[in-house]
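Just so we're on the same page: letters track the sequence lines, and every chain starts at 1.
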Amino acid sequence: MSKKYRTHNCGELNIKHVGKDVLLSGWINKKRDHGNLLFIDLRDNYGITQCIIDKENSKFNELEKTPLETVIRIEGKVVNRSEDTINKEIKTGEIEIGIQKFNVLGTCKELPLPVFTDQEYAEDIRLKYRFLDLRRKKIHENIILRSKVISFIRNQMHELGFLEFQTPILTSSSPEGARDFLVPSRLNPGKFYALPQAPQQFKQLIMVSGFDKYFQIAPCFRDEDARADRSPGEFYQLDLEMSFVEQEDVFNVVETLLINTFKEFSKKKLLFNNFPKISYKEAMLKYGSDKPDLRNPLLINDITEIFLREDVSFEIFKRLVKKGSMVRCIVTKKTKDKPRSFFDNIDKWAKNQGASGLAYFTLEKDKEVSGKGPIGKFFSKESLEQIMSLTGAEIGDSIFLACSNKKDLERITSLAREKIAKDLDLIDDDTFAFCWVIDYPMFEINDVTNKIEFSHNPFSMPQGSLDNINFEKPLEILAYQYDIVCNGIELSSGAIRNHIPELMYKLFSIAGYSKNDVNQKFSGMINALSYGAPPHGGIAPGIDRIVMLLANEKNIREVTMFPMNQNAQDLMMNAPSDINDKQLKELNLSLRSKK
RNA sequence: GGGGGUGUAGCUCAGUUGGUUAGAGCGAUCGCCUGUCACGCGAUAGGUCGAGGGUUCGAGUCCCUUCACUCCCGCCA
C-alpha cells in the first residue's frame with residue numbers, strides 16, 4: 001500500500017467498500033474488551049469507525065493494553081456487519097475493520113479529562129487542556145460550525161459586491177469608548193500603540209479612499225471585564241461599510257445576509273422575514289430595553305394618567321405620581337384562574353430585584369367590571385375601563401403594576417416581562433426573532449456629571465440637516481444610528497456616518513469639545529473628511545454571538561477555539577506572563593513594584 | 001471595585017444533627033469473558049475534603065480569613 005497513514009478517513013467507509021484493504025489513522029475513542037475479542041472505536045475529524053481484533057492476531061495483547069486517546073494506524077479489511085450488529089448511530093455503522101496490523105503513532109498519558117463523554121467539566125481544566133477538550137464531540141462540532149459560518153458569510157459578502165481588506169492591528173489609542181490594550185513601542189520610547197477596539201476609523205477612511213464597499217472578519221480588542229456572552233480581550237466582528245447609502249440600504253444587505261445565514265445553519269424558524277423596526281423610544285417604553293426579545297409577547301404600557309383620577313384611591317402610587325413618578329404595567333392574558341402563588345411569587349421576585357414589588361389585580365366582570373386581588377378595590381369601574389382601553393386588557397386578564405422613576409421602571413418592567421413570560425412559558429425557544437432598533441438619540445445626559453454626552457458613536461449622522469436641526473434642544477436630536485437584536489441579544493450596531501466636517505464640529509461643540517479638540521483628537525478622520533468624503537454608513541455584526549445563537553450555546557467560550565478565562569488569562573499558554581529585564585529595557589519600561 | 005454560586009480520588013459527584021476506618025460511577029492497574037457499540041463480571045491502587053486559622057473531647061460538616069473557577073452589577077460598539 002503506497003499511502004503512509006491512511007487510505008480513508010474514519011467517517012467515509014460504508015457497505016460499498018466491503019472487501020477492500022484499507023489504512024486508517026486516528027485516536028482510540030473507546031475500547032470494548034471481551035477478553036478474546038476487542039472492539040476499537042477509531043476517531044478522527046470525520047467520524048468513528050469500529051475496528052475489531054481477536055486473540056488469533058499476535059498484536060492482540062498489545063492493542064488491548066493501548067490506552068484511550070492514543071493515536072494509532074490500523075491496517076485491515078472492510079467487512080460488513082451482520083444485520084443484528086449494525087450501529088445506526090454512526091455513518092460507518094454498517095461495516096467494521098478487521099484489524100490485520102496496527103502501530104502507535106502517538107502515545108497518550110493518563111487523561112486529565114475524559115474525551116469520550118458528554119459530561120460537563122470545570123472550566124479551568126477544560127481551558128488548560130483545551131486541545132483535549134476540543135476533541136470532544138459537541139465543542140468540536142461548534143468550532144467546525146463557526147468555520148463554516150464564517151466562510152459562508154465571506155462568500156455572501158463577495159457575492160454582494162464587497163471587497164475584503166485588512167486594517168492595522170497596531171494603531172493609536174482613541175479617547176472614546178472602551179479601555180484600550182496598549183503595546184509599547186521600542187522605536188519610539190515612551191509611546192504606545194493600541195490594539196483596535198474596532199476598525200471604525202479605518203473603514204471610514206476606506207470609503208473616503210473610494211473603495212465603495214468594504215468588509216472584514218475583523219478582530220476587535222477591548223480591555224473590559226468579561227461576561228458569559230463577552231470574551232475578555234478579543235472578539236470578531238463582521239465589519240462592513242458602504243458608500244452612497246442610506247440606512248435602508250444597510251438594512252437590506254444585513255437582512256439578506258442574516259436570513260441566508262440563519263436559514264443555512266439552523267432549523268429554527270425565523271419569526272420575521274422582514275425585521276421589524278422599533279424606535280429606541282418605543283423599545284424603552286414597550287419592552288423596557290433597547291434589546292427587546294420579540295419572542296416574548298408581553299408588552300409594557302404606561303398608565304400614569306390613571307393615578308390622576310379622582311375615582312382611583314390607590315394612594316401610595318397617587319402620591320408618588322404627584323411627585324413625578326410614572327406607572328407602567330404588564331398585562332397577562334387569561335390568568336384569572338392562576339393560583340395566588342403565581343402572583344405572589346412574582347411580587348416576591350420583584351422585591352428581590354430591588355423593586356418595591358409588583359402590585360397586581362385581575363379584571364373580572366359580574367354585572368360590571370371590577371378588579372380582584374390585593375389592590376383591585378382601589379379602582380372604579382370607569383378607571384378600569386380606561387385601563388382596558390389604554391392597554392388592550394380584557395376581562396380575565398391580570399395587570400402587574402410598578403411605580404417609580406423612568407430609569408428604575410424600565411429596568412424592573414424589562415426584567416418582569418422576562419420573568420413573567422418564563423413563568424407562563426410564553427417564549428418559543430425554537431424561533432429567532434430579529435428586529436432593528438432605530439432612531440437612537442444623538443446625545444444623552446450623564447446622571448453623575450449632568451453634562452451632555454454622545455450617547456453612542458460621535459461619528460453618527462444626525463437626522464435632519466445643518467439648517468433644520470434644532471441645536472438648542474440637543475437631547476431631541478436623533479441619529480441615523482441602529483442596532484440589530486435577536487432574541488434579546490444585541491448582535492451589532494451601526495450608523496450612517498457624519499461625513500460633513502462643519503456638522504461634526506457643531507455636534508462636538510454641544511458635547512463640550514472645541515474645534516481644536518476635535519482637530520487634535522480625531523485628526524486623521526476630520527482631515528480625511530475635508531478632502532471629498534462620500535456619504536457612507538455601515539454596521540458590524542458580532543460573529544461570536546451569531547455562532548452562539550446558531551449553536552444554541554449560552555457561553556461564548558463554547559464557540560471560541562482558544563478562549564481566555566474570566567480573568568483574561570490563557571491557562572494553556574500561560575498568558576499573560578512575566579517578561580525579562582532585557583525586554584523591559586528595550587521597551588524603555590520599568591515596573592512599579594506590586595503591592 | 002462590589003454581590004451570588006461552586007470547590008471532597010485523575011474526572012463527575014454523594015457525604016444526614018458536628019461523632020468510629022470519608023463513599024459511588026467513570027478512568028487507571030491486574031484477572032475473567034468471541035459480537036460489543038455507555039459491553040459485562042471480579043479485585044487493587046488512588047484523598048493535604050482548595051489553603052490558613054479558630055470553636056469543640058471531636059470538624060468534610062460550624063465560625064473567620066484567604067485563594068481558584070464561574071455568574072451577575074459596575075465597565076463595554
Can you tell me how far [atom1] in [N] sits from the matching atom in [M], rounded to whole Å?
N      : M      : atom1 : result
C32(B) : C39(B) : C1'   : 14 Å
A45(B) : C30(B) : P     : 15 Å
C72(B) : A9(B)  : P     : 27 Å
A38(B) : A77(B) : C1'   : 46 Å
C41(B) : G25(B) : P     : 10 Å
C69(B) : C63(B) : C1'   : 24 Å
G74(B) : G27(B) : C1'   : 43 Å
G52(B) : A68(B) : P     : 16 Å

Notebook entry, point to check: Gln50(A) and Thr92(A): side-chain donor and acceptor closer than 3.5 Å?
Noted result: no
Distance, rounded to the nearest Å, where [X] contributes [atom1] and [N] contributes [atom2]:
X         : N      : atom1 : atom2 : result
Asp118(A) : C26(B) : CG    : C1'   : 13 Å
Leu113(A) : C13(B) : CG    : C1'   : 16 Å
Asn61(A)  : U29(B) : CG    : P     : 14 Å
Glu64(A)  : U34(B) : CD    : C1'   : 12 Å
Lys109(A) : C11(B) : NZ    : P     : 14 Å
Ile40(A)  : C37(B) : CD1   : P     : 15 Å
Ile125(A) : U70(B) : CD1   : C1'   : 13 Å
Asp223(A) : G1(B)  : CG    : P     : 13 Å

Keeping the roles fixed (side chain from [X], backbone from [Y]), state whether a donor-acceptor pair exists under 3.5 Å.
X         : Y         : answer
Arg32(A)  : Ile40(A)  : no
His536(A) : Met207(A) : no
Lys31(A)  : Glu64(A)  : yes

Notebook entry, point to check: Rounded to the nearest 0.5 Å, how far apart are OG1 of Thr49(A) and NE2 of His17(A)?
Noted result: 10.5 Å
Note to self: What's the separation between atom NZ in Lys101(A) and atom CD1 in Ile72(A), rounded to the nearest 0.5 Å?
What the structure shows: 15.0 Å
Between the protein and nucleotides 3-8 of chain B, list the N/O to N/O atom pairs that are separated by less than 3.5 angstrom.
none

Contacts of type side chain to side chain contact (heavy atoms under 4.5 Å, CB included), residue [X], not counting sequence neighbours:
X         : result
Cys486(A) : Phe432(A), Phe434(A), Leu491(A), Leu549(A)
Arg179(A) : Asp223(A), Glu224(A)
Leu294(A) : Phe272(A), Pro276(A), Ile278(A), Tyr287(A), Pro292(A), Ala433(A), Cys435(A)
Asn36(A)  : Lys55(A)

Note to self: Can you classify the ring geometry of Tyr214(A) versus Phe165(A) as parallel (below 30°), tilted (30 to 60°) or perpendicular (above 60°)?
What the structure shows: parallel
Heavy atoms under 4.0 Å, any strand shown: does [X] hit a base, just sugar-phosphate, or nothing?
X         : answer
Phe39(A)  : base
Leu38(A)  : nothing
Ile52(A)  : base
Gln119(A) : sugar-phosphate
Gln569(A) : sugar-phosphate

Using a distance-only criterion (donor-acceptor N/O pair, under 3.5 Å, no hydrogens), is the base of [N] paired with the side chain of [X]?
X         : N      : result
Asp124(A) : C69(B) : no
Glu110(A) : G46(B) : no
Glu120(A) : U12(B) : no

Item checked: nucleotides 39-44 of chain B: protein proximity per nucleotide (B base, S sugar-phosphate only, - neither; heavy atom, under 4.0 Å) -> B-----
Margin query: At under 4.0 Å between heavy atoms, how does the protein contact nucleotides 71-77 of chain B? Give one character per nucleotide, 5' to 3', with B, S or -.
Written below: BSBBBBB
Notebook entry, point to check: Within 45 degrees of the axis of the six-membered ring of Phe162(A) and under 6.0 Å from its centre: does Lys213(A) put its NZ or CZ there?
Noted result: yes
Next item on the list: Output yes when at least one side-chain N/O atom of Asn567(A) is less than 4.0 Å from OP1 or OP2 of A68(B), else no.
Entry: no
Check: Do any pairs count as a salt bridge (charged side-chain N to carboxylate O under 4.0 Å, His left out) and have a residue in residues 552-565 of chain A, sequence neighbours left out, and if so which ones?
Finding: Glu123(A)-Arg557(A), Arg126(A)-Glu558(A), Lys138(A)-Glu553(A)
Next item on the list: With sequence neighbours excluded, give me every salt bridge (charged side-chain N to carboxylate O under 4.0 Å, His left out) pair touching residues 479-499 of chain A.
Entry: Glu241(A)-Arg497(A)
Notebook entry, point to check: Among the nucleotides G35(B), C11(B), C30(B), which one has an atom lying closest to any side-chain atom of Thr85(A)?
Noted result: G35(B)
Next item on the list: For Glu69(A), enumerate each residue passing the side chain to side chain donor-acceptor pair (under 3.5 Å) test, keeping only those at least two apart in sequence or located in another chain.
Entry: Arg43(A), Arg135(A)
Next item on the list: Let me have RNA chain B in dot-bracket notation, would you? Count Watson-Crick plus G-U wobble pairs, both distances under 3.5 Å, and use [ ] for pairs crossing earlier ones and | for inter-strand partners.
Entry: (((((((..((((.....[...)))).(((((.......))))).....(((((..]....))))))))))))....
Checklist line | Qualifying ring pair (Phe, Tyr, Trp, His ring centres under 6.0 Å) pairs, either residue in residues 31-73 of chain A, two or more places apart | finding: His34(A)-Phe39(A)
